[in-house]
Every structure is written in structure tokens, then in C-alpha cells.
Amino acid sequence: MAKNTLSSRFRKLDIDEFDENKFVDDHDEAVDNQGPDGTEIENLIRIGDTMTAFHLALRNPPLNTKNPAVKERALAIVLRVLTSFKSSDIEPAVKSLDRSGVDLLMKYIYRGFEKPSDNSSAILLQWHEKAFAVGGLGSIVRVLTARKTV
Amino acid sequence: MSLHQFLLEPITCHAWNRDRTQIAISPNNHEVHIYQKSGNQWVKSHELKEHNGHITGIDWAPKSDRIVTCGADRNAYVWSLKDGVWKPTLVILRINRAATFVKWSPLENKFAVGSGARLISVCYFESDNDWWVSKHIKKPIRSTVLSLDWHPNNVLLAAGSCDFKCRVFSAYIKEVEEKPGPTVWGSKMPFGEVLFESGPSGVSGGAGDGAGGGWVHGVCFSHSGNRLAWTSHDSTVAIAEGGKTSTISSLSSETLPLLCVSFITENSLVAAGHDCYPVLFVYDGTKGSVTFGGKLDVPKQTSQRGISARERFQNLDRRATSSETTEQGLESLHKNSIRWGCICVFLGS
């Protein structure tokens with residue numbers, strides 16, 4: 001056998017990088033949101049004002065950044081707010097959102113599904129049911145096709 | 001509205017003739033079958049066998065009565081009826097991937113073919129050599145072209161593509177036509193010029209967080225050519241007006257993605273897709289808004305009979321709901337995705 005079949009270093013080469021027709025996403029990082037403010041939201045949850053905390057948490061989503069730490073931080077804050085809701089309060093909270101807010105909420109819900117913890121799945125499923133009732137299949141399709149993820 | 005079942009295979013594409021008495025369909029294989037209407041029935045009259053791959057697009061030119069077909073074998077054929085037989089003429093498209101869509105221009109002297117080779121082939125007949133010649137529009141298309149529509153002025157061409165954008169190109173061929181006058185989309189129209197491009201930078205109405213994140217499945221110009229609508233895989237339908245292209249109105253719908261769209265008047269459009277029923281949308285130009293107008297496939301209400309307690313528990317067990325819908329499948333007329341809509345508006349006389 002030839003000598004070059006012994007080496008398997010070529011298997012670590014990513015040849016798609018050398019493809020001159022490769023689709024490069026035009027992803028602008030210029031104007032970026034740093035995600036919600038953790039301390040303020042903690043205070044609101046402590047005093048029981050979950051509705052305001054909810055709206056605050058959904059503002060400034062870090063959609064454009066490539067930095068995973070910013071996204072993780074934002075996700076943790078939003079999940080903290082979602083899990084601190086009582087079941088009966090979920091529906092009015094979802095109804096208070098506009099169309100793009102519902103889409104954003106769905107994105108966070110699916111991100112929350114990715115790493116289930118002890119009691120997060122149950123409450124997230126309730127959030128999912130209420131958000132689906134408002135957003136429909138279209139909002140889930142938009143989670144799947146979104147170029148800018150949360 | 002009438003229902004006719006042609007065969008068991010899916011129909012991948014179809015085209016009507018001028019007076020809707022004949023229809024050419026492709027039953028998901030290499031052939032085109034032409035059916036003729038006789039009374040209440042549709043009778044198969046011709047079979048067009050020339051392609052070596054699945055047929056992906058058919059268009060029937062109403063005035064000149066020619067059919068153009070394009071397929072996954074990277075070819076297109078123009079068929080003309082001679083002595084009761086359809087004779088094909090090969091068109092060299094010069095593409096190295098499958099063709100996806102084909103459309104005759106309004107004056108029927110050109111046709112455009114979209115392809116997976118990331119380009120559009122605009123073909124016209126060169127009478128000196130007695131064959132069809134193609135010209136390519138390549139830049140800035142970065143992925144497969146999914147759908148095309150011509151502007152009424154025979155020059156502008158809208159293309160929806162898998163690179164998440166809908167664009168308007170100029171397909172001006174100086175060998176077959178005069179220089180076009182200015183339109184709302186622009187006045188300088190050399191071949192291949194991009195007069196409009198949708199995308200995250202262009203969308204401002206509707207979805208707030210910079211959407212435009214889906215393959216553009218269907219595009220359509222309005223009758224005047226001043227408005228352009230497209231449907232995208234992120235379940236949105238959007239409309240842009242030439243001249244005011246900085247504001248695009250879009251509607252994020254709650255349905256599954258729509259695959260084809262067509263204007264019926266300047267303000268209303270019909271679209272259909274993975275949810276198997278056609279849907280009406282209404283556009284308000286002054287407010288710049290698109291609203292849902294209703295489903296166009298309302299199933300007949302089956303008589304409501306009482307439901308016993310046993311059936312209720314059975315439903316709860318099987319389907320986690322105790323409602324009394326006995327219809328297991330979809331309630332719409334179409335049982336699978338509608339891929340290709342062809343809206344014809346009959347003008348009574």
C-alpha cells in the first residue's frame with residue numbers, strides 16, 4: 001500500500017472552508033444589545049412584580065452578538081423570570097405581548113428546553129402552551145428558521 | 001369550485017392553456033401529461049416524454065400556444081403543437097444543477113428559468129441560427145432560485161431564492177425588444193441589474209427584530225407591476241411597493257409556511273402552502289399593512305351529533321382531547337401541501 005494512506009491527518013481538514021462558493025452569512029455585529037439587566041430583575045421578582053420583570057427581561061435581546069457568554073447570561077435571566085411565575089399569571093403575561101414579543105418568548109422557551117433542570121420543564125411547557133395559543137405554528141416555524149438566535 | 005382527482009401520485013407542477021380547456025401536469029416523474037376537458041371529465045390527450053429527470057416547472061404561453069418545461073436533468077424544452085403532436089426543441093441552458101422553475105414573459109418572446117446553479121437563465125429565440133439562446137443572471141444570487149415572476153413590462157423579473165432574499169432584476173434583451181420606459185422600480189435597466197433586494201436591512205414593518213429569515217418560496221407582481229409580494233419559509237408574507245421600497249409591509253402568520261402567492265386585485269392576494277388550504281390576505285397601501293382575510297376552503301359543517309360518555313373517555317385516552325371531531329385527517333380539500341398555485345380570474349362578459 002502507498003505510504004500516504006497511513007496518515008489520517010487529512011481527515012481533520014475542513015474542506016468546506018476552502019470552497020470558493022461558500023455561503024457567508026452577512027451578520028452585522030455593529031449595534032448590539034447586551035441583554036437584560038440582572039440585578040433590577042432580581043429585585044422585581046423579590047417584591048413579587050413578575051409582570052414588569054417579564055417585560056424587562058424580554059427587552060434588549062442579544063440577537064446580533066456572536067459572544068456566547070452574553071447569550072447565556074440573558075437566557076439565565078429570562079428563565080429565572082419564567083420559572084418564578086405562578087401558573088395562573090402566565091396567560092395574561094402572554095396576552096400582553098405583541099406579535100414579535102411572542103416570537104421572542106418562543107425562542108427563549110425552546111432554548112430553555114435544551115437544558116432541562118428539575119422543575120423548569122413543567123413550567124416551560126405551560127408557557128409553551130399559552131404562547132402557542134397566541135402565536136400558532138407560525139411562531140414555532142420562526143424559531144426554527146430564525147437567522148439571529150437568542 | 002370543482003374537484004377532480006387525476007391520479008394517486010402527487011402533481012408536482014401544472015399549467016393551464018389559454019381558455020382553461022386543457023391542463024398540462026407532471027405526475028412527479030419525467031413526463032408531462034396533457035388533459036383535455038370534455039364535458040365534466042378530463043381526458044388524457046397527450047404524453048410529452050423527452051426529459052431525463054423529474055419535471056420541475058411547466059408554463060403554457062396563452063397566445064402562442066407553446067409549452068416550456070424544465071427539469072432536474074438541467075434541460076428545458078419548448079414544445080409546439082404540429083399536426084396534433086407536440087414537438088420538443090431543446091434549449092441549452094448552460095446550467096450545472098437542476099432547473100427549479102420556468103415562466104414565459106408576458107409577450108412570450110422570452111422565458112426565464114430558475115435553477116439550483118444559483119443563477120437565472122433568460123432565454124430568447126435567435127432566428128438567425130434557429131435556436132434558443134440563454135443569458136445568465138448570476139450576481140448577487142447566492143443560492144438556489146425557487147420562484148420567478150415577470151413584470152407586465154416584459155423586462156423586469158422578480159426572483160425568490162434560498163439565500164433568504166427576494167430580488168427584482170432586469171432581464172432586458174436588446175436583441176428582441178426595445179429599451180423599456182422607466183417604472184416605479186427604477187429607470188436604468190441594463191441586463192442583470194438588481195433594482196430591488198429584500199432582506200434584514202430592508203424589512204422595517206411587521207416583525208420587529210430584523211426578520212427575513214426564510215427561503216423565499218413564492219413571488220408575484222401585481223397586475224400593474226407596482227407591487228411585489230413574496231412568501232417566506234418563516235411563515236411571513238411581505239409586500240413591497242416600487243418607489244417606496246424602504247418600507248416593506250409584512251405579516252407574520254400563525255400558519256405553516258406558504259409556498260405560492262398570487263395577487264388577485266391590487267390589494268388582495270391568495271396564498272397557499274404547507275397548511276393545505278388557500279388563504280386570502282388584504283393589503284392596505286395607505287397604512288402599509290397586510291392583514292389576514294380568511295381561509296378559502298371552508299369545510300362543510302358535518303351534523304353535530306351527540307357524543308356519549310364512553311366516546312369522550314376514548315377520545316381523551318387516544319387524543320388527549322374530549323372534543324367530538326370524528327374527522328381523523330385534515331378538514332381541507334387538499335390533503336397535502338399545495339406547492340403550485342395558479343390563479344385565474346375569469347372576467348365575465
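In the text below, chain A, chain B and the rest are named by the order of the sequence lines, each starting its count at 1. Side-chain atoms are counted along with the backbone in the values below, which use heavy atoms only and exclude waters and symmetry mates.
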For a quick test of reading the model, state the closest non-hydrogen atom pair linking [X] to [Y] and the distance between them.
X: Ser235(B); Y: Gly138(A); result: OG-CA, 3.6 Å
X: Arg142(A); Y: Thr236(B); result: NH1-CG2, 4.1 Å
X: Thr145(A); Y: His233(B); result: CG2-CD2, 3.5 Å

Just wondering, more than 12 heavy atoms not from [X] lying within 6.0 Å of its [atom1]?
X: Arg74(B); atom1: CZ; value: no
X: Ile15(A); atom1: CD1; value: no
X: Trp215(B); atom1: CH2; value: no

- Find the one option among Ala146(A), Gly135(A), Gly101(A) whose heavy-atom pairs under 4.5 Å with chain B are most numerous.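 That would be Gly135(A).
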- Can you list the residues that meet the side chain to side chain donor-acceptor pair (under 3.5 Å) rule with Ser139(A), with sequence neighbours excluded?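 Residues passing side chain to side chain donor-acceptor pair (under 3.5 Å) with Ser139(A): none at all.
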- Query: How long is the span from the CZ atom in Arg147(A) to the CG atom in Asp234(B), to the nearest 0.5 Å?
  - Reply: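 One finds 10.5 Å between CZ of Arg147(A) and CG of Asp234(B).
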- Query: Can you name the residues that form a side chain to side chain contact (heavy atoms under 4.5 Å, CB included) with Ile92(B), not counting sequence neighbours?
  - Reply: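 Leu90(B), Arg94(B).
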- Query: Which bit of Val102(A) is near chain B, if near means a heavy-atom gap under 4.5 Å: side chain, backbone, both or neither?
  - Reply: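 Neither part; nothing is under 4.5 Å.
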